[in-house]
Amino acid sequence: MPEQELTRDRTRREHRRVALGTLVGTTIEWYDFFIYANAAALVLTPLFFEPFVASYGELAGRLISFATVGVSFIFRPLGAVVAGHFGDKLGRKAMLVLTLMLMGASTTAIGLVPGYASIGTWAPILLIVLRVLQGFSAGGEWGGAALMAVEHAPAHQRGRYGGFPQIGVPVGMLIATAVLSIVTATTTEQQFLDWGWRIPFLLSVVLIVVGTVIRLGVAESPVFADADCEQPRVRLPLVQMFRFNGPQVLQGALTFAANNAAGYMVTGGYVLSYTTTVLGMDRSTILNLVTLTSAAWVVTTMSGAMLSDRIGRTAVYKIGFTALLVWVFPMFWLIDTKNVLLIGLAMLVFSIGIGFSYGPQAAMLAEMFPAQVRYSGAGLSYAFGAVLGGAFAPMIATWLQAAFGSTTAVSGYLFGLTVVGLIAAFTIKDRTGKPLGPDALDIPGAAKLAAVAHR
């Protein structure tokens, strides 16, 4: 075999290894994250927040339980700052491994925390502390996974390879809901409350070992290595990123906020909570529908990612946001029928808009920032978008439905956020397929950053 062909074969194998490493690691991260979101909808209220229920009623208990889902999002920017700083200075790979291990350790520990009946107020305190660690880890993990996938990829396939860490989110959700469905189906109501809900958390320790081994075998990003060789390192990546690329952080955050709020209606436990608590539907049935929606979300996310290589990142975003705007009211109308088939249809169609406004994200954010500050910029865009969008979306939706006695208010809330995301998408300069290295001076702020680095 000619040397040139051998080189191409080695490159293809490395691309597949990186894609697998980002997919597996991100899947495990988000399995851990979604296990908590679903548990918050199903069992955490009576086990950890009973005093709130006794004093203020069942709604207050559900609100405080969903608030703990949102608390972790507040710490995502901190995780993005820390991981972004060291990721831009030391490399992407080390941060990927460390954030994965932190997420796994905190998730496993949640499965071991005694309930309020055993240790009183220490139970919710420990739960919140561990949830904060989950948020810190998630904030640092995504940027590294996205950049490893995109910076390793051929220029004309960045959307496709960037789609692998993106589908790790719905795959993680798919596994989380599937495990919960199995545990729910094989335990009685009391067994599930007593110990069954802990099983998915404890399984995380096995997944983390597998994910860490795979990520350790992935090579460092070639774009980071080239930037390290060709230009001096930026001394304070975060400071310089805000100095020259603040507008890009805002643009990225607003596009993700709209997608994240919509996604967390399903993945954050709101639909699960609303249908089982307010509409009185069977928990296993709804979990199965969420599992089915997660599988559809995998397909629509990767489809959106691959399509972005052909027609551009922002074009796919616009399609996704338009689909959400069209469907956000009909979705809840169908859910309110309590018809299982119509609820399944509502959630499956919703996954099209979510997937198309999520699949191109890794490639688009990577192409928006200079190589020397890319981890910080992409990571913070993602983290701030999560705070603005999904952090308290399930809690806000729960309150809106209770206050107005209708899901129309929830649809209006999502419609408004989606309009903001669509407007932000129109303001982004599309750089689909253009160079990512330190010589890509058409990236906003890149020329000024290069001048600062050489001083």
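A donor-acceptor contact closer than 3.5 angstrom is absent between the side chains of Gln166 and Trp297.
For residues 412-424, the set of pairs meeting the salt bridge (Lys or Arg N to Asp or Glu O under 4.0 Å) definition, not counting sequence neighbours, is empty. Listed by first then second residue, pairs satisfying salt bridge (Lys or Arg N to Asp or Glu O under 4.0 Å) with a partner in residues 154-173 read Arg158-Glu367, not counting sequence neighbours. Within the structure, every pair that satisfies the salt bridge (Lys or Arg N to Asp or Glu O under 4.0 Å) test and touches residues 421-437, not counting sequence neighbours, is listed here: Arg431-Asp442.
Taking the side chain as every heavy atom from C-beta outward, Phe356 and Lys318 never approach each other to under 4.5 Å. Side chains of Leu23 and Pro165 form no contact here, defined as non-hydrogen atoms less than 4.5 Å apart. In this structure, the side chains of Arg374 and Ile443 come closer than 4.5 Å at one or more pairs of heavy atoms. The shortest distance between side-chain heavy atoms of Ile64 and Met395 does not fall below 4.5 Å. Annotation: side chain of Ile110 is in contact with side chain of Gln134 (closest heavy-atom distance under 4.5 Å). In this structure the side chain of Leu44 reaches within 4.5 angstrom of the side chain of Tyr36, judged on heavy atoms. The shortest side-chain heavy-atom distance between Ile396 and Tyr413 falls under the 4.5 Å cut-off. Between Leu417 and Leu388 there is no side-chain heavy-atom pair separated by less than 4.5 Å.
Here Glu141 contributes atom CD and Leu98 contributes atom CG; the two are 11.5 Å apart, rounded to the nearest 0.5 Å. The line from OH of Tyr161 to CD of Glu151 is 15.5 Å long, rounded to the nearest 0.5 Å. Between Met331 atom CE and Ile335 atom CD1 the span is 4.5 Å, to the nearest 0.5 Å. The OG1 atom of Thr314 sits 10.0 Å away from atom CD1 of Ile319, with the distance rounded to the nearest 0.5 Å. Taken from CD1 in Ile35 to CE in Met173, the straight-line distance is 9.0 Å, to the nearest 0.5 Å. Atom CG of Leu112 sits about 5.5 Å away from atom CG of Leu202, to the nearest 0.5 Å.
Using modelled atom types, no side-chain atom of Tyr358 and backbone atom of Val169 make a donor-acceptor pair closer than 3.5 Å. Distance alone, capped at 3.5 Å, places no donor-acceptor pair between the Thr27 side chain and the Val171 backbone. Between the Gln248 side chain and the Gly377 main chain, no donor and acceptor come within less than 3.5 Å of each other. The backbone N or O of Leu102 lies less than 3.5 Å from a partner atom in the side chain of Ser106, making a donor-acceptor pair. A side-chain donor-acceptor contact under 3.5 Å links Trp327 to the backbone of Ala346.
Between Phe136 and Phe75, a ring centre-to-centre spacing not shorter than 6.0 Å is recorded.
Between Tyr274 and Tyr270, the ring planes lie parallel to each other; the angle is under 30°, not in the 30° to 60° tilted range. Using the six-membered ring where Trp is involved, Phe256 and Tyr382 have ring planes that are parallel, under 30° apart on the 30 and 60° scheme.
The two residues Ala258 and Phe321 come nearest to each other via the heavy atoms CB-CE2, 3.6 Å. A pairwise comparison of heavy atoms in Gly304 and Val316 identifies O-CG1, 3.6 Å as the closest pair. Nearest heavy atom pair, residue Gly359 against residue Ala305, reads O-CB, 3.4 Å. Here the shortest heavy-atom pairing between Pro200 and Tyr31 reads O-OH, 2.6 Å. The shortest non-hydrogen separation linking Ala253 to Phe384 is CB-CB, 3.9 Å. Leu334 and Leu342 make their closest contact through CB-O, 3.8 Å (heavy atoms, listed as atom of the first residue, atom of the second, distance).
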Show every donor-acceptor pair shorter than 3.5 Å between a side-chain atom in residues 347-355 and any protein atom, with sequence neighbours excluded, or say none if there are none.
from	atom 1	to	atom 2	distance (Å)
Ser351	OG	Leu348	O	2.5

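Partners of Arg76 by side-chain hydrogen bond (donor to acceptor under 3.5 Å, both in side chains), not counting sequence neighbours: none found. For Ser308, the side-chain hydrogen bond (donor to acceptor under 3.5 Å, both in side chains) partners two or more places apart in sequence, or in a different chain, are Arg313.
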Item to check | Thr407 and Gln401: CA distance, side-chain angles, deciding distance, side-chain hydrogen bond (donor to acceptor under 3.5 Å, both in side chains) verdict | outcome: CA-CA 5 Å; Thr407 54; Gln401 189 279 323; over 6 Å; no

